[in-house]
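Worth knowing before you read on, the calculation uses all heavy atoms, side chains too, and leaves out hydrogens, waters and symmetry mates.
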Amino acid sequence: MIAKKWLLIVLCLACFSPACNLSVLPTDALNTENVAGTPDGLPNVMNGCYALLKNNVMFNGYIDPGQNYLWQYYQFSDYAGDDIVCGQVTEHPLFYSFTYTHSPDQENIRFFWYISYKIINGANTVIELGEKIPNPTSEIKQLIGEAYFLRAFLHFNLLRVFARPYTQAPDGPGVIIRRTTTDDALAPRASVKEVYNFVVDDLKKAASLMDRPRGAQYASKEAALGYLSRVYLYMNDADNAIAAANTVINSGRFQLESAEGFKTYFQKASASSESIFLIAQTKVDSRGKEGSVASMVYSDGNSGWGEEFASPSIRKAMSEHPEDVRWSYILPLKDPATGLVAKKNGIEIYYITKFSFQDGDPNLSSPVMLRLSEVYLNRAEAYAIKGNVAGALGDVDEIRKHRGLQGALYNGQVPRNKSLLETVLLERRIELAFEGHRTFDVYRNKMNMVRNYWGYHLAGLQETDVNLAVEPTGYANITINWNDPKTIFYIPVDEILANSACKQNP
């Protein structure tokens, strides 16, 4: 992290830079004067909140095709992990996630903070307007519940990006909680524990209100309970994580995809019984190279940039079972001249296709935020925390049965070379790879991020240095310790300059 003196210089330069055009108000103090104030308007307001999760929005005076919530979310989660390797040096701010060279004025962080609180403000509007309606119908209650869910979802993601995990520092600084549209703009950061308690309360409230499921593209009772299982797990509250997961699994509303069906699951996620909550996109939402999640991790030659690949680390983790259908989403690019895996700047190209091929479009998908397999894995990890071998491995085997590994089940036996928790976390890593979980799973479990493979996360790497026959040594960023301040991002400069009550990360 940069020294405090240098931070002040950066902030001053950002403030006076003509290109920066910072707002004079905190970025989460948003105008809602034009929001519809009638019951008939609530569906439109709620749909607008969902749309902001995927749409490009004007920020800093212009609309950048790469500025959207989804793209930033995956940059801050998976790009900082060990499942995706960077194939080149770039000036795009996504590179800071690979190299852990964050700054308070990087545009993707500033946008993510802005758009998150903008959507939170919309959710608060739905809650406030809906709760004023006397004798609300079940449809109105459903919408209010969806707003509570989104408010929790967004606060939780902000917390994971900008604050240390609950298991590391529950009393440390979290993020700003926005409970109403009229909260004081100059608000301090709540503690991590306070934000977690707020998120839990919102998810419980959401679950109590929603009883009219509208499809996986909208929040539901089970989505709220599924997220509760995740949030409780992050808090190391195994009993509550298990209870929440049980309710979802036993609801009967969702089924794991078969091994054969899973090969095309992400192309048809909106229609799958495994999906619990996703960000639905259609053909009109396709952005080509500009701003789609797929464009950085896949290219058919023209469709995307294809600069980030499945890492040697995740491929090694999966190597014991080539029959695992989850290999379907790792696609090597073969050199037609040699038949070997092609390389980009010395790095082998293994494309990732979990965000491609919906409606045949290489850049289109409906990114899955929560699916049944994660709920099983949340429960499995909670069982592991409690030392329940049968419960943990039973849930892991349920996943493996549906991924082509019927001949490689654990059957209640922990492998000799692994602990129970390590066994569960390995399955979690493979099952949820590239879906925005890995970085958070590593650090909340107080594990170091080990990236001992060739890639441009290594500071100063030149293509001529790459020797795939040996592991790299002597480079910065091979190992990031779990307690390193670099594992979280700076609060954006906009908020720090405008809100004296909001304190910066060290």
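Between Ile488 and Asn505 the shortest side-chain heavy-atom distance falls below 4.5 Å. Residues Val57 and Gln67 are not in side-chain contact: their nearest non-hydrogen atoms beyond the backbone lie 4.5 Å or more apart. Looking only at side-chain heavy atoms (C-beta outward), Trp71 and Ser292 stay at 4.5 Å or farther from each other. Using a 4.5 Å cut-off on side-chain heavy atoms (C-beta onward), Trp454 and Leu461 make contact. You'll find the side chain of Ile279 reaches within 4.5 Å of the side chain of Leu70, heavy atoms only. Side-chain contact between Arg178 and His155 is present, with heavy atoms from C-beta onward closer than 4.5 Å. Using a 4.5 Å cut-off on side-chain heavy atoms (C-beta onward), Ile347 and Tyr456 make contact. Put simply, the side chain of Tyr114 does not reach to within 4.5 Å of the side chain of Asp494, judged on heavy atoms.
The cationic atom of Arg315 (NZ for Lys, CZ for Arg) lies less than 6.0 Å from the six-membered ring centre of Tyr350 and within 45° of the ring axis. Geometrically, Arg403 engages Phe262 in a cation-pi contact, judged by NZ or CZ lying under 6.0 Å from the ring centre and within 45° of the ring axis.
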**Report entry** Criterion side chain to side chain contact (heavy atoms under 4.5 Å, CB included) on Asp82 and Val450, from CA distance to verdict
**Finding:** CA-CA 7 Å; Asp82 55 358; Val450 180; 5.8 Å; no

Query raised in the report: Passes salt bridge (charged side-chain N to carboxylate O under 4.0 Å, His left out), Glu257 versus Arg371? Steps please.
Result: CA-CA 10 Å; Glu257 282 282 352; Arg371 54 192 178 95; over 6 Å; no

Query - Residues Tyr376, Val248; criterion side chain to side chain contact (heavy atoms under 4.5 Å, CB included); working and verdict - result: CA-CA 9 Å; Tyr376 271 106; Val248 177; over 6 Å; no

Query raised in the report: Could you go step by step and tell me if Lys343 and Leu468 meet the side chain to side chain contact (heavy atoms under 4.5 Å, CB included) rule?
Result: CA-CA 11 Å; Lys343 299 181 181 69; Leu468 298 179; 3.5 Å; yes

Requested in this report: Decide side chain to side chain contact (heavy atoms under 4.5 Å, CB included) for Arg110 and Asn60; before the verdict, give the C-alpha distance in whole Å, the side-chain angles of both, and the deciding distance to 0.1 Å.
Outcome: CA-CA 9 Å; Arg110 294 172 57 217; Asn60 207 29; 3.8 Å; yes

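Classification of the His102-Phe489 ring pair by plane angle, with boundaries at 30° and 60°, yields tilted. Phe149 and Phe153 have parallel rings, their planes meeting at less than 30° on a 0 to 90° scale where 60° marks the start of perpendicular. Ring orientation note: the planes of Phe277 and Tyr227 are nearly perpendicular, at an angle over 60° on the 30°/60° scale.
With no hydrogens or angles considered, a side-chain donor-acceptor pair links Gln75 and Asn108 at under 3.5 Å. For the 3.5 Å distance criterion, the side chains of Asp300 and Ser303 qualify, holding a donor opposite an acceptor. Checking Ser313 against Ser311 by side-chain atom types alone, no donor-acceptor pair falls below 3.5 Å. A donor-acceptor contact closer than 3.5 angstrom is absent between the side chains of Gln72 and Asn68. The closest side-chain donor-acceptor pair between Gln168 and Trp482, if any, does not fall under 3.5 angstrom. Side-chain atoms of Ser295 and Asn363 include no donor-acceptor pair closer than 3.5 Å. Of the N and O atoms on the side chains of Tyr443 and Thr167, not one donor lies less than 3.5 Å from an acceptor on the other residue.
Rounded to the nearest 0.5 angstrom, Asp78 CG and Glu435 CD are separated by 8.5 Å. In this structure, CG in Leu158 is found 4.0 Å from OG in Ser116, a value given to the nearest 0.5 Å. Atom CD of Gln106 sits about 10.0 Å away from atom CG of Leu94, to the nearest 0.5 Å. Rounded to the nearest 0.5 angstrom, Ser272 OG and Phe266 CZ are separated by 9.5 Å.
Ion pairing between a basic and an acidic side chain is recognised when a charged N comes within 4.0 Å of a carboxylate O; Arg253 and Glu222 show such pairing. Using a cut-off of 4.0 Å between Lys/Arg side-chain N and Asp/Glu carboxylate O, Glu307 and Lys344 are scored as not salt-bridged. Contact check on Glu381 versus Arg444 returns a salt bridge, with a Lys/Arg side-chain nitrogen under 4.0 Å from an Asp/Glu carboxylate oxygen. The pair Asp285-Lys54 meets the salt-bridge criterion, with a side-chain N (NZ, NE, NH1 or NH2) lying under 4.0 Å from an Asp/Glu carboxylate O. Electrostatic pairing of Arg151 and Asp202 counts as a salt bridge here, judged by a charged N lying under 4.0 Å from a carboxylate O. By the 4.0 Å N-to-carboxylate-O rule, Lys283 lies too far from Asp359 to be salt-bridged with it. Using a 4.0 Å cut-off between charged nitrogen and carboxylate oxygen, Asp441 and Arg428 count as a salt-bridge pair. A salt bridge links Glu146 to Arg214: at least one charged side-chain nitrogen sits closer than 4.0 Å to a carboxylate oxygen.
Between the Thr264 side chain and the Gln267 main chain, no donor and acceptor come within less than 3.5 Å of each other. Here the side chain of Asn481 pairs no donor or acceptor atom with the backbone of Asn483 at under 3.5 angstrom. The closest donor-acceptor contact from the side chain of Asp465 to the backbone of Gln462 lies under 3.5 Å. Distance alone, capped at 3.5 Å, is enough to place a donor-acceptor pair between the Ser319 side chain and the Lys316 backbone. A distance-only check finds a donor-acceptor pair linking the side chain of Thr439 to the backbone of Ser77 [under 3.5 Å]. Between the side chain of Gln358 and the backbone N or O of Ala269 there is no donor-acceptor pair closer than 3.5 Å. Looking at Ser273, its side chain never comes within 3.5 Å of a backbone N or O of Phe254 through a donor-acceptor pair.
In this structure, Phe434 has its ring center at least 6.0 angstrom away from the ring center of Tyr329. Between Phe112 and Tyr69, the gap from one ring centroid to the other is short of 6.0 Å. In this structure, the ring of Phe156 has its center less than 6.0 angstrom from the ring center of Tyr234. Residues Phe355 and Tyr74 place their aromatic rings such that the two centres sit under 6.0 Å apart. Residues Tyr79 and Tyr100 place their aromatic rings such that the two centres sit no closer than 6.0 Å.
Closest of all the heavy-atom pairs between Ser229 and Asn378 is OG-ND2, 2.9 Å. Minimum interatomic distance between Ile352 and Phe309 (heavy atoms only, all atoms of both residues): CD1-C, 3.8 Å.
Heavy-atom contacts from other residues, nucleotides or ligands closer than 6.0 Å to CH2 of Trp305 number 12 or fewer.
Ser373 pairs in a side-chain hydrogen bond (donor to acceptor under 3.5 Å, both in side chains) with only one of the listed residues (His402, Glu431, Glu398, Glu427), which is Glu431. Each of Ile478, Thr479, Thr473, Leu458 was checked for a side chain to side chain contact (heavy atoms under 4.5 Å, CB included) with Asn452, and the lone residue meeting it is Ile478. Under the side chain to side chain contact (heavy atoms under 4.5 Å, CB included) test applied with Ile84, the options Glu308, His457, Met296, Arg438 reduce to a single match, Glu308. The residue from Lys354, Arg326, Arg429, Arg451 that alone fulfils the salt bridge (charged side-chain N to carboxylate O under 4.0 Å, His left out) condition with Asp83 is Arg429.
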